[in-house]
Structures are given as C-alpha cells and as structure tokens.
There are 2 protein chains.
Amino acid sequence: MLSKKTKYALHALTYLGKHRENKTVLIHDIAEEYGISHKFLENILLELRKAGYLGSKKGKGGGYYLIKEPKDIALSKVIRLLDGPIALLPCVSLNYYEPCAECKDESHCGINKVMAQVRDETLKILENKSLQDVLDGE
Amino acid sequence: MLSKKTKYALHALTYLGKHRENKTVLIHDIAEEYGISHKFLENILLELRKAGYLGSKKGKGGGYYLIKEPKDIALSKVIRLLDGPIALLPCVSLNYYEPCAECKDESHCGINKVMAQVRDETLKILENKSLQDVLDGE
DNA sequence: AATAAAGTCTATAAAAATTATAGGGTTTAC
DNA sequence: GTAAACCCTATAATTTTTATAGACTTTATT
C-alpha cells in the first residue's frame, strides 16, 4: 500500500493541476479540500517543491503552483520520491536495490523472478501514466 | 513492499516444496537455511497451517509438511494472508476495500482509476502464479 | 514411565516506520 | 509595520512490524 503521504501528494498535485489558472494555491485550501492536516500537507508540499514539481511564493498572496506540465509528471517518480521503492521486494527494486539477506543466489530465486515480473508490469503503468492522465480520469 | 513475514512465508513454502519427499521438515531447518529467527518463523508456519497450507506433526520426529499441491498454492492468497491488501490503495482493494476518507466521489477519482489498473495487472500475475512456478524458477 | 524433542498458543516487548504537531524563522503585499 | 503565507527542523504520538518469552501439549524412544 502507498503511504498516506504519497496519496496526499497525488491529491495535492491533482488539485494544483486543476487550478493552474490561479497563480497560486494555498496549502490551506488543499488541506481543506481533502480534510488533511495543514501541517502534514505542508511537509509534503515542501518535499514536492524541493524535488522540482512545485514553485512557491512566500508572503501575503503567496502559495504553491505547478512548475511542470502535468504530462511531464510521471506517477512512478512521485511515488518513489515519497514512498521509496515501488517493487515488492528490495532485491527487485531498480531504484532502491538491496540484496535479501536470506537469499544465497538471487539468480536462482523463484520468488525474485515472479516479483521482478510484477515490478515490470507495475512500472509499465506507473512510468507511463502522468498527472495529466489522472486529471483526465477525474 | 512485502513484509518480511510474507517474504519468509514464501521462502518457507518453497523450502517445503523442495523437500516433499521428507515426511516432515523442522522449523529449525528452515530457519537455519534462511537465517531467520526460529520463533518468528514458528508464528508464520502456524499461520500457514491454520490457513490450510501446511500440516504438522508434534513430538519427536515431528515437523511441517505441505498439504496442498504446489500448483494449487496461488501467491496472491499467501500474500493476502500474511500481508493484507495487494492493491496500492484501500479504495481499489478487492479483498480489503475501504473508502478513502479524503475522496468525495470514487468514481470520479483519477488516482483511483490508475491504481485499479495497477491492481489488475498485479493480480493477473499473482493469481496465476503458484508455488509450483516459484519452484520451477529456482 | 521417564525423558527429550517438537509443535502450540498467547502475550508482550522492542524496534521501526508512519503520521502528526509545534514553533520560531523568513519573505512579501499592502 | 503588520499580517499573511511559506520555510525548516525538531520532536511527539501512533501504528505497524519484527522479535522474543515461556508455559503447554503431543509423541517417539528407551
């Protein structure tokens, strides 16, 4: 399962994508829309900004806004940023690989093989779906 | 990511599948093979037994053994038993469904739609792959 | 019958990860 | 100069996961 953090990040991006005509959107408004704690969301938006998805403006009249085109925001990247690995096992993770301590020989592990397949199919979707696709699905 | 519990369960089933010619296999031997804590594994095997995957024999000379054919043990079922939902969000889980508190209308949620697609592709694999496939992949 | 081996079961402890909050700092519009 | 709004780091609270403990039952063997 995705963490709430990740889920909220996706919601926040969706909200920002829907309000691109506004120069900025308040954390407060997003938090209210989804019933999320303001402070929790603040940390999430900060992370998204540091990762280059969002811009912000401080002070009165400030807020957040998307700085990437929705079509250029791959869901896989957002999930990895906030949640870490997408794969079901560390030994098949492309971005967060770690060997499994209990496994003597990964190349002869049947579990590894199945999970690699799951990873491939999952990534086939998440790498090709963008925020634009999410917006289109609303 | 799958929990260690689930991963160990899959390893244990694999081990038992490989040693079907033995009448029983000791927890101890499985734990040693994979470097897992005996007691932790004990709880896992107990759960697999209660779910009808394993039989056991108490007392001296006792141990565990598979009571299903490896081809009849779907990976999806094992994962659900030990880890819960396979889906990435509660709102797209078939077996552990829960609505997302922040979502007003699931049928118009773009995130829901993508995650349902991921679930479908994941299940296409995990429901059709069995312990036998794991054994064949070793 | 005694003993030791092996699983049973439930409870609890320890550790890690997730979720949430706090609060002072900085910037900016007005 | 004041209030609005984001910035940033730390910490607290909660939940989940991982691990351990220990007393109990069953069974083979001698």
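None of the values given here were measured: they were computed from a predicted structure. Proteins get letters first, then strands, A, B, ... in listed order; numbering begins at 1 in each.
Using modelled atom types, no side-chain atom of A:T6 and backbone atom of A:I79 make a donor-acceptor pair closer than 3.5 Å. No donor-acceptor pair under 3.5 Å is formed between the side chain of B:R49 and the backbone N or O of B:L54.
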Subject >> Contact pattern, 5' to 3', of nucleotides 9-22 of chain C - B, S or - by protein heavy atom under 4.0 Å >> reply: BB--------SBBB
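For B:K60 and C:dA5, the NZ to C1' distance is 6 Å, given to the nearest whole Å. Straight-line distance from the NZ atom of A:K58 to the C1' atom of C:dG24: 13 Å, rounded to whole Å. In this structure, B:M1 places its CE atom 15 Å from C1' of D:dT18, rounding to the nearest Å. For B:D29 and C:dA6, the CG to C1' distance is 12 Å, given to the nearest whole Å. To the nearest angstrom, C1' of D:dT17 lies 17 Å from CD1 of B:I79. In this entry the distance linking CD1 of A:I27 with P of D:dA4 reads 15 Å, nearest Å. Regarding A:E47, its CD atom lies at a distance of 14 Å from the C1' atom of D:dC7, rounded to whole Å. Atom CG of B:L82 is separated from atom P of D:dT17 by 11 Å (rounded to the nearest Å).
Under the 30°/60° scheme for interplanar angles, the aromatic rings of A:F40 and A:Y8 are found to stand perpendicular. Ring orientation note: the planes of A:H28 and A:H38 are tilted relative to one another, at an angle of 30° to 60°.
A donor atom on one side chain and an acceptor atom on the other are not found under 3.5 Å apart for A:H19 and A:N22.
DNA chain D lies under 4.0 Å from no heavy atom of any residue of residues 9-22 of chain B.
A:Y65 pairs by the ring pair (Phe, Tyr, Trp, His ring centres under 6.0 Å) definition with nothing, not counting sequence neighbours.
Note on B:L45: nothing from the nucleic acid sits closer than 4.0 angstrom, heavy atoms only.
Scanning both residues, A:G61 and A:T24, for their nearest heavy atoms gives O-OG1, 3.4 Å.
Side-chain N/O atoms of A:S56 include one lying less than 4.0 angstrom from OP1 or OP2 on D:dC7. At least one side-chain nitrogen or oxygen of B:K57 sits closer than 4.0 Å to the OP1 or OP2 atom of D:dA28.
Residue A:K77 places its NZ atom among 12 or fewer non-hydrogen atoms of other residues, nucleotides or ligands, all under 6.0 Å distant.
Between A:K113 and B:E138 there is no salt bridge, since no side-chain N of the basic residue sits under 4.0 Å from a carboxylate O of the acidic one.
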